[in-house]
2 protein chains.
Amino acid sequence: MSGEMGMFISYLKKKDLKLTDQRKIILDVFLKTERHLSVEDLYNIAKKKDSSIGQATVFRTLKLLREADIAKEVDLGDGKTRYEHKYGHEHHDHLVCLECGRSIEAVDSKIERLQDGLCRKHGFLPQRHKMEIFGICKKCR
Amino acid sequence: MSGEMGMFISYLKKKDLKLTDQRKIILDVFLKTERHLSVEDLYNIAKKKDSSIGQATVFRTLKLLREADIAKEVDLGDGKTRYEHKYGHEHHDHLVCLECGRSIEAVDSKIERLQDGLCRKHGFLPQRHKMEIFGICKKCR
DNA sequence: TTGATTTTGAAATTCAATATCAATTATAGC
DNA sequence: GCTATAATTGATATTGAATTTCAAAATCAA
């Protein structure tokens with residue numbers, strides 16, 4: 001069992017929620033996919049494992065995964081909310097190209113540390129954050 | 001005439017767009033309002049100045065103002081896109097409280113500098129960015 | 001095993017974002 | 001000022017992601 005599955009089980013226990021087959025399959029598939037997934041994307045992949053899984057469940061499970069700090073919301077500026085898992089990934093920001101739509105994952109641990117400091121200065125307890133820079137990428141310039 | 005109006009006129013000229021009464025009124029009202037405004041919010045305010053102004057025009061004008069770098073998109077996590085003007089404001093991030101919904105504007109020039117550096121390192125030309133930290137504010141803790 | 005409670009999936013609903021289109025308006029060139 | 005051309009407008013319709021609904025099914029503590 002992966003660490004993420006353990007985190008999820010703990011989270012569900014804490015909230016008096018149940019561990020269902022659907023939730024297990026959705027998390028499993030989610031962790032194995034290295035992409036920014038919309039609800040529909042993940043639904044299409046999960047369906048292959050268990051054709052009875054519905055979109056609503058995927059939607060609800062992604063919300064739970066975000067609360068459990070296993071998933072991260074990403075906005076690529078196309079009007080759909082996308083998710084990525086945190087498994088095996090350092091913190092990173094997204095540089096989203098307005099020309100080709102591709103996104104680069106850029107890491108800077110200093111930024112995160114400064115963000116935490118900023119929160120502390122305001123007595124604010126951070127839970128998650130969203131950070132996307134939109135512009136033109138190297139190739140499109 | 002404010003600097004912003006000048007910026008807007010230049011932008012419109014560059015794009016071969018026209019300066020209309022509606023656009024002037026919408027920008028004027030937008031600059032005078034110190035709040036995070038949804039399209040509907042701004043529509044309701046602008047309507048008082050000129051009751052013939054339609055939502056669609058407000059929506060389209062806000063888009064133009066963002067392109068002209070006069071407006072900034074803000075996500076307060078309630079599913080509506082909001083806008084704030086940049087007039088008289090330093091760059092700032094938003095700390096959005098998940099309990100009470102209020103948002104704190106927090107400034108850290110170091111973060112912005114690091115972000116620019118990050119972009120440069122990836123050959124990326126930044127145009128705008130979105131940065132919101134969600135958590136619990138001082139009062140709600 | 002039981003029973004209270006949660007979960008599920010199909011379908012319906014909501015609602016912000018966006019497109020449509022005929023009428024109106026801005027502006028460059030005469 | 002006029003005219004032609006292209007852009008703009010606002011009411012309305014449409015889209016589509018996000019969310020809710022609800023009866024049937026599944027979970028799990030006792």
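Here is how names work: the chains are called A, B, and so on, in the same order as the sequence lines, proteins then strands, and each is numbered from 1.
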Which residues pass the side-chain hydrogen bond (donor to acceptor under 3.5 Å, both in side chains) test with A/Asp108, not counting sequence neighbours?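 Here no residue qualifies.
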Please report the distance, rounded to the nearest Å, between [atom1] in [X] and [atom2] in [N].
| X | N | atom1 | atom2 | value |
| --- | --- | --- | --- | --- |
| B/Leu62 | D/dG10 | CG | P | 14 Å |
| B/Arg23 | D/dG10 | CZ | P | 10 Å |
| B/Asp50 | C/dT24 | CG | P | 16 Å |
| B/Ile53 | C/dT25 | CD1 | P | 14 Å |
| A/Asp75 | C/dA17 | CG | C1' | 14 Å |
| B/Ile9 | C/dT27 | CD1 | C1' | 14 Å |
| B/Leu12 | C/dA28 | CG | P | 12 Å |
| B/Lys24 | C/dA26 | NZ | C1' | 11 Å |

In the 5'-to-3' direction, what one-character label does each nucleotide of nucleotides 17-30 of chain D receive under the scheme B = base within less than 4.0 Å of a protein heavy atom, S = sugar-phosphate only, - = no such atom? SSBBB-----BS--
Salt bridge flag under 4.0 Å for residues A/Asp116 and A/Arg120: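 Between A/Arg120 and A/Asp116 there is no salt bridge, as every charged N stays at least 4.0 Å from the carboxylate O atoms.
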Residues A/Lys72 and A/Glu84 bridged, charged N to O under 4.0 Å: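 Result for this pair is yes, salt bridge flagged.
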Return yes if a side-chain donor-acceptor contact under 3.5 Å exists between A/His89 and A/Glu34, otherwise no.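 Checked: A/His89/A/Glu34 side chains pair up, N/O donor to acceptor below 3.5 Å.
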Result of checking B/Val74, B/Leu76, B/Ile133 against B/Val96 for side-chain contact (heavy atoms from CB on, under 4.5 Å):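 The single option meeting the side-chain contact (heavy atoms from CB on, under 4.5 Å) with B/Val96 is B/Leu76.
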Does the side chain of A/Lys139 reach to within under 4.5 Å of the side chain of A/Glu99, using non-hydrogen atoms?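 Contact flag for A/Lys139/A/Glu99 side chains = no.
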